Number of protein chains: 2
Amino acid sequence: MSNPSTTVSTRPPLGCAAVMMQVLRGELRERELPFTHQREAIAQILFESTRHLSADDVAASLRQRGEHAGKATVYRTLALLVELGLATEHDFDEGFKRYETQVGAAQHDHLICTECGRVSTFHHPELDRILAEAAAEKGFAPITRQVKIFGTCSESAACRKALRTYREVGPTS
Amino acid sequence: MSNPSTTVSTRPPLGCAAVMMQVLRGELRERELPFTHQREAIAQILFESTRHLSADDVAASLRQRGEHAGKATVYRTLALLVELGLATEHDFDEGFKRYETQVGAAQHDHLICTECGRVSTFHHPELDRILAEAAAEKGFAPITRQVKIFGTCSESAACRKALRTYREVGPTS
DNA sequence: AAGCGGATTGAGAACCAGTCTCGAATCCGA
DNA sequence: TCGGATTCGAGACTGGTTCTCAATCCGCTT
């Protein structure tokens with residue numbers, strides 16, 4: 001977890017930010033909520049990013065564009081996007097939350113490297129079925145789920161080395 | 001999430017707290033760490049509990065037994081138990097962490113009711129295989145995983161009612 | 001039993017992500 | 001353009017968790 005800002009996603013860099021923005025505009029109108037400049041700017045940043053952004057990352061991106069929004073607004077807007085189903089919230093055990101655009105039904109789960117902090121995604125065709133079965137068996141009606149695998153990736157030499165060391169010394173140390 | 005202190009686990013109330021304590025003593029000796037009175041008391045509370053305890057819960061249990069430990073010690077000891085593999089840490093989106101004894105290889109995952117806050121467990125025989133496959137395919141070496149299903153349980157009338165309402169109104173409101 | 005070196009403890013301060021407050025600014029339909 | 005409702009934002013606040021460091025405890029040796 002040396003550099004949390006380098007988290008990446010394997011989701012393709014869609015050029016659909018504009019489409020997402022139209023969806024947001026529609027959702028807001030439907031709820032009679034104003035489409036403010038701040039909401040547009042924050043949503044834009046999230047929609048255009050292929051990474052998992054923290055509230056701080058969003059504020060930094062705003063600054064970089066010469067814009068600005070109070071942190072209360074950043075948090076409120078991110079929460080709003082989650083509520084509208086246009087973003088998802090993630091906790092990668094860093095002590096703060098990260099956000100990501102929710103593009104339609106592109107369900108996926110995360111692999112988090114405990115060495116370098118990189119986050120990648122995976123999708124297993126059987127996972128949905130398995131979790132649905134497990135919930136049904138317990139009389140539980142699922143709404144959302146979180147599936148995270150923590151471990152070591154093979155992206156950098158440092159991670160591969162850490163992995164070798166880990167295998168030599170053993171899991172309990 | 002009305003009453004977070006009523007979380008339950010379906011793990012049977014094992015009488016193995018004494019055994020766990022011996023394991024702890026051994027692990028500490030092996031690492032040349034002192035077996036202090038506070039470590040014993042905090043571990044005892046966790047080993048004897050069948051619930052998911054927060055740091056606050058642990059401190060309250062200590063008080064109830066006429067003992068006491070500074071909160072720094074409670075947090076440090078819980079982190080130590082996790083590091084030794086004798087406990088696991090969970091985040092049920094309550095804004096704080098909960099801890100649970102890790103009895104051997106009794107791997108299980110959690111169902112969290114967003115209405116009443118109850119936490120129950122499940123085990124699906126295929127889940128391990130699926131996650132291992134997914135990680136392997138991405139060249140990722142898994143260490144731990146977190147699988148959580150958020151939804152509505154059927155334990156109380158209130159939860160069953162909330163579920164009906166939810167189904168009528170639809171997921172997006 | 002007493003001494004000793006090193007790790008732990010604990011009260012409280014510090015930290016920090018996230019929330020709240022409330023007057024000012026903005027939005028948007030008419 | 002106007003007006004009423006909503007949002008914005010600077011900064012105070014909250015609460016879980018970590019840090020600080022002097023006093024204490026542990027476990028080993030004599």
Side-chain angles (χ1 to χ4, degrees), chain A residues 1 4-5 7 21 24-45 52-60 62-63 66-84 87 89-99 117, chain B residues 1 4-5 7 21 24-45 52-60 62-63 66-84 87 89-99 117:
Chain A
M1 295 290 184
S5 73
T7 59
M21 195 59 76
L24 170 60
R25 207 183 281 258
E27 291 286 335
L28 290 175
R29 172 155 299 164
E30 197 170 315
R31 284 151 219 260
E32 299 183 9
L33 298 174
F35 182 74
T36 65
H37 181 69
Q38 289 87 341
R39 281 173 179 167
E40 178 175 16
I42 292 167
Q44 186 87 31
I45 283 166
H52 301 89
L53 302 179
S54 64
D56 239 32
D57 291 337
V58 171
L62 281 171
R63 241 174 285 122
E67 310 209 52
H68 174 263
K71 62 178 174 177
T73 301
V74 173
Y75 281 109
R76 278 186 296 230
T77 304
L78 289 172
L80 177 66
L81 292 173
V82 170
E83 203 185 318
L84 296 180
E89 188 185 76
H90 298 291
D91 184 346
F92 296 138
D93 268 11
E94 299 168 293
F96 53 87
K97 301 286 176 61
R98 286 184 180 276
Y99 298 84
Chain B
M1 295 291 184
S5 72
T7 59
M21 196 58 77
L24 170 59
R25 206 183 281 260
E27 290 288 333
L28 289 176
R29 172 154 301 163
E30 198 170 312
R31 284 151 219 259
E32 299 184 6
L33 298 174
F35 182 74
T36 65
H37 184 246
Q38 289 88 339
R39 281 174 177 167
E40 179 175 16
I42 292 167
Q44 187 88 32
I45 283 166
H52 301 90
L53 302 178
S54 64
D56 238 32
D57 291 338
V58 171
L62 281 171
R63 241 174 285 123
E67 311 209 53
H68 173 263
K71 60 181 170 175
T73 302
V74 173
Y75 281 107
R76 280 186 295 230
T77 304
L78 289 172
L80 177 66
L81 292 172
V82 170
E83 202 185 318
L84 296 179
E89 190 184 73
H90 298 290
D91 184 345
F92 297 137
D93 267 9
E94 298 169 295
F96 52 85
K97 302 285 178 62
R98 289 184 178 274
Y99 298 83

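Note that these values count all heavy atoms, side chains included, but never hydrogens, waters or copies made by symmetry. To find a chain, count down the sequence lines: A is the first, B the second, and so on, and within it residues start at 1. Note that this is a predicted model, so its numbers are computed, not measured.
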Novice: Flag the pair Thr36(B) / Thr73(B) as yes when at least one side-chain heavy-atom distance between them is below 4.5 Å, and no otherwise.
Specialist: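 SC-SC contact between Thr36(B) and Thr73(B) ruled out.
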Novice: Separation of Leu78(A) atom CG from dT19(C) atom P, in whole Å?
Specialist: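 The answer, rounded to whole Å, is 10 Å.
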Novice: Using side-chain heavy atoms (C-beta onward) and a distance below 4.5 Å, is Phe35(B) in contact with Glu40(B)?
Specialist: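 With C-beta onward as the side chain, the pair touches.
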Novice: Bend across the helix from dA1(C)-dT30(D) to dA30(C)-dT1(D), to 10°, with axes taken over 5 pairs at each end?
Specialist: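 Taking the rotation axis at each end, their angle is 30°.
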Novice: Is there a side-chain contact between Leu78(A) and Lys97(A), using heavy atoms and a 4.5 Å cut-off?
Specialist: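 SC-SC contact between Leu78(A) and Lys97(A) ruled out.
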Novice: If the test is side-chain contact (heavy atoms from CB on, under 4.5 Å), which one of Asp57(B), Asp56(B), Leu53(B) qualifies with Arg98(B)?
Specialist: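 When Asp57(B), Asp56(B), Leu53(B) are each tested with Arg98(B), the side-chain contact (heavy atoms from CB on, under 4.5 Å) holds only for Asp57(B).
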Novice: Identify the two heavy atoms, one from Leu62(A) and one from Ala69(A), that lie closest to each other, and give their separation to 0.1 Å.
Specialist: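 So the minimum-distance heavy-atom pair works out to CD1-CB, 3.7 Å.
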Novice: Quick check: closest heavy atoms across Leu81(A) and Ala43(A), and the distance to 0.1 Å?
Specialist: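 Answer, listing the atom of Leu81(A) first, then Ala43(A): CD1-CA, 4.1 Å.
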Novice: How close do Ile45(B) and Val58(B) get, heavy atom to heavy atom, and via which atoms?
Specialist: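 For Ile45(B) and Val58(B), the tightest heavy-atom pair comes out as CD1-O, 3.9 Å.
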Novice: Enumerate all atom pairs, one protein N or O and one N or O from nucleotides 14-17 of chain D, separated by less than 3.5 Å.
Specialist:
unit_1: dT17(D); atom_1: OP1; unit_2: Lys97(B); atom_2: N; d: 2.9
unit_1: dT17(D); atom_1: OP2; unit_2: Tyr75(B); atom_2: OH; d: 2.7
unit_1: dT17(D); atom_1: O4; unit_2: Lys71(B); atom_2: NZ; d: 3.2

Novice: Just verifying a value: how many Å separate His37(B) NE2 and Ile42(B) CD1, rounded to the nearest 0.5 Å?
Specialist: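 The CD1 atom of Ile42(B) is 10.5 Å from NE2 of His37(B), to the nearest 0.5 Å.
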Novice: Roughly how many Å is it from CG in Asp91(A) to P in dA17(C), rounded to a whole number?
Specialist: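 Atom-to-atom, Asp91(A) to dA17(C), this comes out as 13 Å.
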Novice: State, yes or no, whether a side-chain contact exists between Glu27(B) and Arg31(B) at a heavy-atom distance under 4.5 Å.
Specialist: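 The answer is yes; the side chains approach within 4.5 Å.
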Novice: For nucleotides 23-30 of chain C, tabulate all protein N/O to nucleotide N/O atom pairs closer than 3.5 Å, reporting atom names and distance.
Specialist:
unit_1: dC28(C); atom_1: OP1; unit_2: Phe35(A); atom_2: N; d: 2.6

Novice: In whole angstroms, how far is the P atom of dA17(C) from the CG atom of Leu53(A)?
Specialist: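 In whole Å, dA17(C) P lies 16 Å from Leu53(A) CG.
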Novice: Quick one: His68(B) NE2 to dG12(C) P, roughly how many Å, whole number?
Specialist: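 That distance rounds to 10 Å.
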Novice: Find the distance Arg98(A):CZ to dG18(C):P and express it as a whole number of Å.
Specialist: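 After rounding, the gap between these two atoms is 10 Å.
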Novice: With rounding to the nearest 0.5 Å, note down the distance linking CG in Leu84(B) to OG1 in Thr77(B).
Specialist: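 The CG atom of Leu84(B) sits 10.5 Å away from the OG1 atom of Thr77(B).
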Novice: Would you state whether a donor and an acceptor, one from the side chain of Arg76(A) and one from the base of dG18(C), lie under 3.5 Å apart?
Specialist: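 Side chain to base: no pair present.
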Novice: Restricting to non-hydrogen atoms, name the atom on Arg39(B) and the atom on Pro34(B) that form the minimum distance, rounded to 0.1 Å.
Specialist: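 For Arg39(B) and Pro34(B), the tightest heavy-atom pair comes out as NH1-O, 2.8 Å.
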Novice: Atom CD of Glu40(B) and atom C1' of dC25(D): how far apart are they, to the nearest Å?
Specialist: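 It is 14 Å, rounded to the nearest whole Å.
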